[in-house]
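The chain is numbered in sequence order, starting from 1.
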Amino acid sequence: MNFIKKNGAGFLLCFIIAVPSWLLGKQFPIVGGAVIAILAGMLVTLLIKDKTKLENGIQFTSKKILQWAVILLGFGMNLNVILETGRQSLPIIVCTILTSLVIAWILHKVMHIPSKTSTLIGVGSSICGGSAIAATAPVIDADDEEVAQAISVIFFFNVIAAVVFPIFGKMIGFDTASGEAFGIFAGTAVNDTSSVTAAASTWDGMWGLGTATLDKAVTVKLTRTLAIIPITLVLAFLRTKREKNSGGKKVSFSKIFPFFILYFALASVITTIAVNAGVSSDVFQPVKELSKFFIVLAMAAIGLNTNIVKLIKNGGKPIVMGACCWIGITAVSLLMQYLLQIW
């Protein structure tokens with residue numbers, strides 16, 4: 001009862017924002033429920049004069065629910081299928097991830113963009129958009145405005161990619177008889193799952209390929225998602241080391257260790273074992289949907305804790321960083337496909 005009394009009001013407000021945002025996201029997948037929830041939260045918070053009674057529930061939703069969403073995401077992964085596709089796409093995935101992280105680090109130094117925002121944009125661009133940001137934020141102790149900034153940047157380039165990449169793919173001569181080359185390109189060069197799906201489905205529709213491109217792109221995208229595990233562990237280690245060297249407050253690695261990532265990996269293993277034992281992958285579909293809803297729910301909370309005026313005012317440099325990461329990933333993905341003779 002004490003938990004409900006403490007967190008109930010704030011959680012309920014987040015839930016009220018999340019449900020219509022989630023439904024709208026299904027109608028407009030190129031935008032997605034997460035972005036709609038953040039924007040709605042930003043607008044609603046302008047109407048609230050006193051958030052004292054709501055703060056605990058909003059904080060709980062933006063932190064804990066976000067971690068639960070990442071854990072549930074693991075139930076959408078059959079490791080056998082991912083590893084089979086990964087053998088072909090892994091070199092491209094590794095190179096694009098490194099490219100994005102290096103670009104983000106350089107621009108962080110050159111443009112003096114806050115380190116946490118830079119990390120979130122670099123990781124979000126290179127791995128899997130909102131899911132990677134959700135996993136990384138608690139590890140580096142990013143605040144809600146930093147998360148909102150990163151999500152906004154990722155969303156902007158997601159929309160551009162979903163619309164432009166099918167046209168671009170035709171211009172540069174991707175094979176139109178097979179969805180393999182464009183599927184790998186969409187899976188490695190587009191940030192968020194919703195936009196990967198949109199771009200791949202458009203390519204399938206353009207050339208009558210059924211779901212060949214979509215199946216390839218989503219599997220490559222899920223392979224990228226596994227990079228969440230090493231990235232978060234490395235970031236946790238670096239944060240501990242940095243705090244120790246700076247002489248600031250001591251941060252124990254064991255205390256900030258992202259245990260939810262281990263649960264994410266365990267969920268993936270459970271799914272793989274179950275599917276191999278004959279259980280239909282459709283059984284896990286409701287859990288995957290719940291994961292997506294939890295992300296929307298957490299984004300509503302993050303929107304409620306975000307100053308939209310400050311976000312717009314400080315948005316220029318992060319957008320430049322997002323653009324550079326996006327262009328770098330696109331170029332490296334194409335180069336690697338060419339070198340590996342996929343394209």
Side-chain angles (χ1 to χ4, degrees), residues 10-11 13-42 44 57-77 120-121 123-125 127-140 142-156 158-159 190-198 218 221-222 224-229 231-232 258 260-261 263-264 267-268 284-306:
F11 177 83
L13 177 60
C14 296
F15 186 82
I16 290 170
I17 295 171
V19 170
S21 299
W22 183 58
L23 295 173
L24 283 170
K26 286 184 170 296
Q27 296 297 315
F28 305 99
I30 196 171
V31 177
V35 173
I36 295 172
I38 274 190
L39 294 175
M42 289 178 187
V44 169
I58 293 172
Q59 190 76 4
F60 169 80
T61 306
S62 70
K63 301 299 181 185
K64 291 297 182 182
I65 296 294
L66 202 53
Q67 294 182 20
W68 295 352
V70 175
I71 294 169
L72 295 178
L73 186 68
F75 286 103
M77 298 187 174
L120 293 175
I121 292 173
V123 170
S125 298
I127 300 177
C128 54
S131 301
I133 291 170
T136 305
V139 177
I140 64 173
D143 64 34
D144 287 346
E145 287 193 356
E146 289 165 330
V147 173
Q149 186 81 74
I151 289 282
S152 302
V153 170
I154 298 300
F155 155 71
F156 180 70
N158 273 341
V159 173
V190 183
N191 302 329
D192 207 69
T193 304
S194 59
S195 294
V196 170
T197 301
V218 169
K221 178 66 173 59
L222 290 175
R224 278 172 71 193
T225 302
L226 289 177
I228 285 175
I229 299 172
I231 288 291
T232 49
F260 66 94
I261 289 297
Y263 300 138
F264 162 82
S268 303
F284 297 100
Q285 189 60 36
V287 184
K288 290 162 62 179
E289 285 299 316
L290 184 59
S291 167
K292 295 176 185 176
F293 178 72
F294 274 9
I295 288 179
V296 173
L297 187 59
M299 292 305 130
I302 286 169
L304 286 168
N305 275 340
T306 301

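Considering every non-hydrogen atom in both Val44 and Leu13, the closest pair reads CG1-CD1, 4.4 Å. Val196 and Lys221 get closest at one heavy-atom pair: CG2-CD, 3.8 Å. For the pair Ala37 and Val296, the tightest heavy-atom approach, listed with the atom from each and the gap, is CB-O, 3.4 Å. Closest of all the heavy-atom pairs between Ile65 and Phe294 is CG2-O, 3.5 Å. Residues Ala135 and Ile261 approach most closely at CB-CD1, 4.1 Å, considering heavy atoms. Ala18 and Ala300 get closest at one heavy-atom pair: N-CB, 4.4 Å.
For Phe75 and Trp68, the gap between ring centers reaches or exceeds 6.0 Å.
Residues Gln59 and Asn305 are in side-chain contact: their nearest non-hydrogen atoms beyond the backbone lie under 4.5 Å apart. Side-chain atoms of Lys26 and Lys292, non-hydrogen and from C-beta on, never get closer than 4.5 Å to each other. Counting heavy atoms from C-beta outward, Ile154 and Ser125 have side chains that approach closer than 4.5 Å. Side-chain atoms of Phe293 and Val19, non-hydrogen and from C-beta on, do get closer than 4.5 Å to each other. Contact annotation: the side chain of Ile140 approaches that of Leu120 to within less than 4.5 Å [non-hydrogen atoms, C-beta and beyond]. The side-chain heavy atoms of Gln27 and Leu23, taken from C-beta on, include no pair separated by under 4.5 Å.
With rounding to the nearest 0.5 angstrom, the CG atom of Leu297 is 9.5 Å from the CD1 atom of Ile17. Here Ile151 contributes atom CD1 and Asp144 contributes atom CG; the two are 11.0 Å apart, rounded to the nearest 0.5 Å. Remark: Thr306 OG1 to Asp143 CG distance equals 8.0 Å, nearest 0.5 Å. Taking CD1 of Ile16 as the start and OG of Ser21 as the end, the distance is 11.5 Å to the nearest 0.5 Å. How far CG of Leu290 is from CD1 of Ile295: 10.5 Å, rounded to the nearest 0.5 Å. Going from atom CD1 of Ile36 over to atom CE of Met299 covers 13.5 Å, rounded to the nearest 0.5 Å.
The main-chain N or O of Phe264 is found under 3.5 Å from a side-chain atom of Ser268 such that the two form a donor-acceptor pair. When atom types are taken as modelled, the side chain of Gln67 and the backbone of Lys64 share no donor-acceptor pair closer than 3.5 angstrom. Using a distance-only test at 3.5 Å, with no hydrogens or angles considered, no donor-acceptor pair links the side chain of Thr136 to the main chain of Ile133. Under the 3.5 Å distance criterion, the side-chain polar atoms of Thr61 are left unmatched by any main-chain donor or acceptor of Ala298.
For the side chain to side chain contact (heavy atoms under 4.5 Å, CB included) criterion with Tyr263, the lone passing option out of Val70, Ile71, Leu72 is Ile71.
Annotation: Lys63, atom NZ; neighbour count of heavy atoms from other residues, nucleotides and ligands within 6.0 Å is above 12.
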